Amino acid sequence: MNSQNILEVHDLAISFRTVAGTVNAIRGVDLDVKRGKTLAIVGESGSGKSVTVKSIAGIIAGNGVLNGGTALYAMRDKDGNEKVIDLLKLPKKEMRHNINGTHIAIVFQDPLASLNPTMTIGAQIAESMTFHHLYSHAEAHRRTLELLDMVGIAEPERRVRNYPHQLSGGMRQRVVIAIALACEPDILICDEPTTALDVTIQARILELITELQRKMGITVIYITHDLGVVATVADDVAVMYAGRIIEKGTVDDIFYDPKHPYTWGLLSSMPDMDDTSDMLYTIPGNPPNLLHPVVGDAFAPRNAYAMGIDFRKEPPLFKVSDTHYAATWLLDERAPKVEMPKELQRRLARIMKEAQ
Ligand code: ADP
Ligand code: MG
């Protein structure tokens with residue numbers, strides 16, 4: 001494992017058994033996550049972002065089948081000694097008791113679905129700590145108040161006694177983040193954590209996550225549809241399409257020099273916080289049906305720059321630089337030279353400028 005990485009996913013393959021047949025949802029994913037940094041994962045709906053991060057957190061749905069791959073996690077103990085473990089090979093019980101929550105925490109889009117309607121929020125935050133036997137009940141109560149304060153909830157002493165329905169959507173999402181942070185995880189995964197919230201609350205939650213990251217040094221994996229968010233929070237970006245990572249690099253690589261035509265289309269179609277989305281481009285066509293085998297580049301039928309080979313052979317991840325990789329035959333030395341659309345170049349430059 002590379003010493004700067006906290007997590008390395010290699011060759012991840014996952015399928016789902018459905019009445020219609022086997023859906024090959026994840027078809028060989030490779031990901032590096034650097035310790036203390038933020039990785040953004042982007043891609044159209046259905047591209048496999050959630051399944052990828054859920055497999056890391058050990059919560060794949062019952063009809064899911066792990067067909068192969070590793071998810072190496074460089075776990076550090078209190079003395080800083082490192083031990084590499086493969087999260088995909090851990091028994092379910094060990095994952096639940098020793099990893100999930102304490103080392104890796106995940107925040108989903110819908111806070112209501114993550115909270116128990118019949119328990120006060122105070123009890124729910126404290127429970128996550130006592131479940132892992134990290135704190136006594138008294139300590140857990142004290143830390144609950146601290147955490148509520150930390151995520152910006154006023155009057156924590158009163159709020160601990162509230163039930164989820166007594167809080168606004170933005171406050172509930174803050175509670176979910178407090179639960180995620182309760183055991184001081186190494187890795188915080190946020191799967192579209194602000195999609196259901198209005199724009200000002202979104203911005204505040206985002207600030208909160210970045211601030212907590214600075215304070216606690218955690219590593220963040222952030223899934224979002226918002227291009228402004230990517231520019232603001234990400235150090236690195238991975239682009240997913242049809243169950244694969246088709247391009248990855250630093251945020252500068254992806255915003256100043258994207259190489260894959262799918263990345264061009266995606267970045268042109270992703271809204272950003274300050275933009276009206278009515279005038280946004282949409283990529284023509286639809287992603288492939290993963291019930292059927294994919295031949296060639298999965299994006300070929302929608303790719304205005306597709307060549308003959310795109311329909312026959314899956315492209316490898318070509319190396320653009322030490323940090324930047326893209327899986328498009330356009331990077332083959334025999335391919336014609338094609339530039340990203342000027343319009344997109346201007347848009348990305350503007351968003352990067354605003355993000356600073
Ligand atoms: P994303 O998060 O990028 O929108 P997902 O990771 O949720 O996409 O889904 C990837 C693919 O896996 C989709 O085609 C989706 O339909 C399929 N999928 C996810 N979970 C299941 C499941 N439990 N059963 C069947 N198919 C699933
Ligand atoms: Mg998802």
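If you're wondering where the values come from, they're calculated on a predicted model, not measured in any experiment. Counting convention: from 1, in listed order, for ligands and their atoms alike. Counting begins at 1 with the first residue of the sequence.
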Classify the angle between the aromatic ring planes of Y241 and Y262 as parallel (below 30°), tilted (30 to 60°) or perpendicular (above 60°).
tilted

Would you confirm whether Q124, through its side chain, and N116, through its main-chain N or O, come within 3.5 Å as a donor-acceptor pair?
yes

Is there a side-chain contact between L12 and S55, using heavy atoms and a 4.5 Å cut-off?
yes

I'd like to know if the side chain of E247 and the backbone of P258 have a donor-acceptor N/O pair within less than 3.5 Å.
no

Atoms of protein origin (N, O or S) under 2.8 Å from the Mg ion (ligand 2):
S50 OG

Mind checking what residues have non-hydrogen atoms under 4.0 angstrom from ligand 1?
F16, T18, A25, E44, S45, G46, S47, G48, K49, S50, V51, A61, N63

Within a strict 4.5 Å, meaning less than it, do heavy atoms of the M352 and V251 side chains meet?
yes

Quick check: does any side chain N or O of Q166 sit under 3.5 Å from a backbone N or O of Y163, one acting as donor and the other as acceptor?
yes

Assess whether atom CG of N81 is packed by more than 12 heavy atoms of other residues, nucleotides or ligands within 6.0 Å.
yes

Which residue in the set R35, K37, K34 passes salt bridge (charged side-chain N to carboxylate O under 4.0 Å, His left out) when paired with D236?
K34

When every non-hydrogen atom of A105 is compared with those of A180, the smallest separation belongs to CB-O, 3.3 Å

